[in-house]
Each structure stands twice: as C-alpha cells, then as structure tokens.
There are 2 protein chains.
Amino acid sequence: MPKKRILPYVLLGLINNKGKLSGYQISQEFKNEVGDFWHASHSQIYPELARMKDDGWLIDEDVDKSTFYSVTAEGHKILRNWMQEPLTDNEEIFSLKLYFIKDQTDPLLNNLLQQELELRQEKYDYLKGRLEEVFTDDATIQNNYGHYLILTRAIEREENHIHWLKSKVN
Amino acid sequence: MPKKRILPYVLLGLINNKGKLSGYQISQEFKNEVGDFWHASHSQIYPELARMKDDGWLIDEDVDKSTFYSVTAEGHKILRNWMQEPLTDNEEIFSLKLYFIKDQTDPLLNNLLQQELELRQEKYDYLKGRLEEVFTDDATIQNNYGHYLILTRAIEREENHIHWLKSKVN
DNA sequence: CGATCCATGTAAATGGTTACATGATTTA
DNA sequence: TAAATCATGTAACCATTTACATGGATCG
C-alpha cells in the first residue's frame, strides 16, 4: 500500500476535476469512482484541507453549513508538477494519475503510458530472472509449489499489463 | 496496502518453511524471494520476534552472536488458523498465503484458489457494473478519458486473473 | 585501517484507522 | 420520534519507516 505522502495530490486532483468541493463531498467521492483506486477517511481529509489552505494550495468559501474548497494558481502548479513527476514501481499512483487526466489529447496521457510500460517491462525482466534463478529444477518446483505458482502468476500479470499498455501507447 | 496486523503471520510462515531463523536472516529473506510479496525492516522484525516468543509462538536459541527462532506447537496452530481464515479482497494476502504452501497436494492450495476466484469474480462484476453506470454515453468517455481507461484496464486485469485462477483450480 | 557486512536494538517521525464527540436536518 | 444522513472536528491508537546507536568480524 501507500507510503509517501500522496493524499494532498489526490485532494488537489479531485477538487481540480470536480470544481468546488467540501470535505464531506470528498469523503463521499471516496465511496464512488475514485474509491476504486484510493481511499481516505474524513478524519484525514478535514485537517489535510486546512493544511493545504494554509499552504495556499486551496481557498475556502463558506456556504450554508459547508466549507467549499477550490484550487488556487499555486495549487494548480503543485498538481501539475506532481502529475509530471516520474513514475515509480507503484501501480496505484499510475492509476490515480491516469484517473485525473480528463482529455484524450493531453500529452501527459501518452507520457504516463510510456513510463508505465518501461517500468512494467523492467519488472517483467526482473521476475523472469527470479524464476530462472530460483526454480532451476523440477524438485525445487515441487517443494515450493506455492512460491512457483505465485511467481509465474506475477509474470503473467506483467505480460498482460504490458500488452494492454502497448495497445494504448503511441 | 497492508492494514491489519499480518507481520507475525509472515514471520511464522517464514520460520516454519525455512526452519530456525535469526532476525537478521529474516531481514535478508525480505531482500529475496518473499520480498517480492512482502517487506519488513529489522526495526520491526526484532521486537516482533520478542513479542511472539513472549506469546509462546516461538522459542529462541542463542548460537554464537545470533538468536535463532523456531515455531512452537502453539505457533503452528496460530499459523494454520491464519492460513485457513477466509480471504478478503486483498491480493497481497492471497499471494503470501500461496507463497507459504510448499506442497502441491496440500488441500489448502485448492481452497485458496477457489476463494480467490470467487473474490475476483465479485470484483469483476462490481467493476463491470461501475463501467455501465458511469460511462453511459460517448461524451462521458471523452470527458473522463483517464478514468475510462483505468476502469477498463482494471476489468481486463480481473479477467486475466480469473482466467489464470480457473486454469489452476480443480 | 577504512569500508562493508553481521547482528541487534531503541527512538522519533509519519501516515493511517478507529473511536469519540457534537449538532443540525431529513426521512420513515 | 427514532434513525439516518449531513457536516465537521479531535484524540488515541497502530503499523511502518527512518534515524540513531553499538560493537564485532571480515575484506580489500
């Protein structure tokens, strides 16, 4: 799961895509659409929004009982920078960044696909090497069958992902 | 990622499969094989081993400068229980449990595959429903292209996984 | 003799979940 | 009128990472 601080970028991305959002609406968002790729609880969202406002990434506006947040120019800059940061071996971040791309013609789209393709190919080569290194004979397979299964599955998984990426990348 | 307390079970599984292990050896293990599916740092491993010894899951034995741990009868019971616990929608735990199965004839193997198959099928249906619910017309696809891509990718991913599971399950 | 590895430990910081808390509004 | 939903917040706890710390053994 989730290691480095990525919640603020998720919030920026959400508010940027949907326009003004309250903390409550964001917590609802995590129960829909984006919830398939990321989650945060309200006890994390509210203080984070306050911090981001302090940092000038968001401005707030009180309407009725709710506080609505919008992305500032500074916030847009931060979000754009994050979107352009090189991907690491972390499918979740790839999914999230992809989720935040609205337009098929956005040059970042192809960039992301290309980056992910390279990463997946590296991983594929690594796993293939592992398989050859560890499972040299049939006895080893028989005595570590679960490990063998899950490693060959991981390889097939990468193959499938690479195939998909190749079909989408230009 | 990783939410509930699963480290102790990983340690039990490792020590059970490899025999006596020291904290250091375990931390090295995470740089190999099992490191593809789980990781823990030494600062987590050492206190955890001590706690597990306190709880009677492990016994220790000092040789040279190292402390080696073995799984007790109680530890075996705990491990077996964990292995038999129903899976949740968490591929990591499926991978780990599979990794700990040594023998192709272990009835737990087929059980795990079957459970995972059901979970993946549920997830597949859910994602399919999501796709139909959210992307009702072409304009929605064009205006949320990244979301469309990643959702269709998630579906293909489940398809591929289900296909693999079906080929392994009896 | 300095670097790296073996081997173990604690402390501090980070990120996240769960629980506690409050109060207004809507719905059955 | 009780339950559910809207709406926001804090406190406590938990798992994990990073940093701090020590000391012996080996290797170049």
Side-chain angles (χ1 to χ4, degrees), chain A residues 1-12 14-15 18 20-32 34-35 37-55 58-70 82 88-90 92-93 96, chain B residues 1-15 18 20-32 34-35 37-55 57-70 82 88-90 92-93 96:
Chain A
M1 207 114 356
K3 268 119 217 204
K4 285 255 172 90
R5 189 145 189 66
I6 92 159
L7 178 63
Y9 306 108
V10 178
L11 299 184
L12 276 179
L14 276 173
I15 300 171
K18 305 263 166 180
K20 290 180 213 289
L21 285 177
S22 69
Y24 185 78
Q25 286 177 318
I26 290 171
S27 71
Q28 293 310 102
E29 283 295 317
F30 286 117
K31 285 176 188 160
N32 303 317
V34 71
F37 311 110
W38 194 262
H39 183 260
S41 52
H42 81 270
S43 60
Q44 224 189 335
I45 293 165
Y46 290 113
E48 191 61 54
L49 290 171
R51 234 170 289 143
M52 291 166 76
K53 189 199 146 195
D54 276 2
D55 291 350
L58 302 174
I59 41 163
D60 64 345
E61 186 189 343
D62 284 12
V63 178
D64 278 319
K65 260 112 208 190
S66 296
T67 307
F68 291 87
Y69 291 88
S70 316
W82 178 72
T88 53
D89 180 12
N90 183 337
E92 268 176 334
I93 292 184
L96 264 178
Chain B
M1 32 218 192
K3 267 118 217 204
K4 285 254 171 89
R5 189 144 190 66
I6 91 158
L7 178 62
Y9 306 109
V10 178
L11 299 184
L12 276 180
L14 275 174
I15 300 171
K18 305 262 167 179
K20 290 180 213 290
L21 285 177
S22 68
Y24 184 77
Q25 285 177 318
I26 290 172
S27 71
Q28 294 309 101
E29 283 293 318
F30 285 117
K31 285 176 188 160
N32 305 316
V34 71
F37 311 111
W38 193 261
H39 182 262
S41 53
H42 81 270
S43 60
Q44 223 189 334
I45 294 166
Y46 289 114
E48 190 62 54
L49 290 171
R51 232 171 291 142
M52 290 165 77
K53 188 200 146 194
D54 277 3
D55 291 351
W57 300 10
L58 301 174
I59 41 161
D60 63 345
E61 184 189 345
D62 284 11
V63 180
D64 279 320
K65 260 112 209 188
S66 297
T67 308
F68 290 88
Y69 292 88
S70 316
W82 178 71
T88 52
D89 179 12
N90 184 338
E92 268 176 333
I93 292 184
L96 263 177

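Throughout, a chain's letter reflects where its sequence line sits, starting with A, and its residues are numbered from 1.
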Looking only at the side chain of B:W38 (C-beta and beyond, no hydrogens), which of the listed nucleotides D:dT16, C:dG16, C:dT8 gets closest?
D:dT16
Among C:dT10, D:dT8, C:dA7, the nucleotide that comes nearest once only the side chain of B:S66 is considered:
C:dA7
Is the shortest heavy-atom distance from the side chain of B:I15 to the side chain of B:K20 under 4.5 Å?
no
Are any of the side-chain nitrogens in A:E48 or A:R5 under 4.0 Å away from the carboxylate oxygens of its partner?
yes
How far apart are the C-alpha atoms of A:D62 and A:T67, what are their side-chain angles, what is the distance that settles it, and do they pass the side chain to side chain donor-acceptor pair (under 3.5 Å) test?
CA-CA 4 Å; A:D62 284 12; A:T67 307; 3.3 Å; yes
Could you tell me the separation between the [atom1] atom of [X] and the [atom2] atom of [N], rounded to a whole number of Å?
X	N	atom1	atom2	result
B:I6	D:dT16	CD1	C1'	13 Å
A:R5	D:dT16	CZ	C1'	16 Å
A:I45	D:dC6	CD1	P	14 Å
B:R51	D:dT16	CZ	C1'	12 Å
A:K4	C:dG16	NZ	P	13 Å
A:Y46	D:dC6	OH	C1'	8 Å
B:Q44	C:dT14	CD	C1'	13 Å
B:M52	D:dA15	CE	C1'	15 Å

Within residues 23-30 of chain B, those residues having any heavy atom closer than 4.0 Å to DNA chain C are B:G23, B:Y24
Do the ring planes of B:Y9 and B:W82 sit parallel (below 30°), tilted (30 to 60°) or perpendicular (above 60°)?
parallel
Just how far is it from atom CG of B:L58 to atom OG of B:S70, taken to the nearest 0.5 Å?
8.0 Å
Heavy atoms from other residues, nucleotides or ligands near CG of A:D54 exceed 12 (cutoff 6.0 Å)
yes
Does A:S41 reach a base, just sugar-phosphate, or nothing at all? Heavy atoms under 4.0 Å.
base
For nucleotides 19-24 of chain C, list the nitrogen or oxygen atoms of the protein found under 3.5 Å from its nitrogen or oxygen atoms, one pair per line.
none

Heavy-atom closest pair (A:L11 atom, A:L49 atom, distance to 0.1 Å) is CD1-CD2, 4.0 Å
Mind checking side-chain hydrogen bond (donor to acceptor under 3.5 Å, both in side chains) for A:K65 and listing every partner two or more places apart, or none if nothing turns up?
none
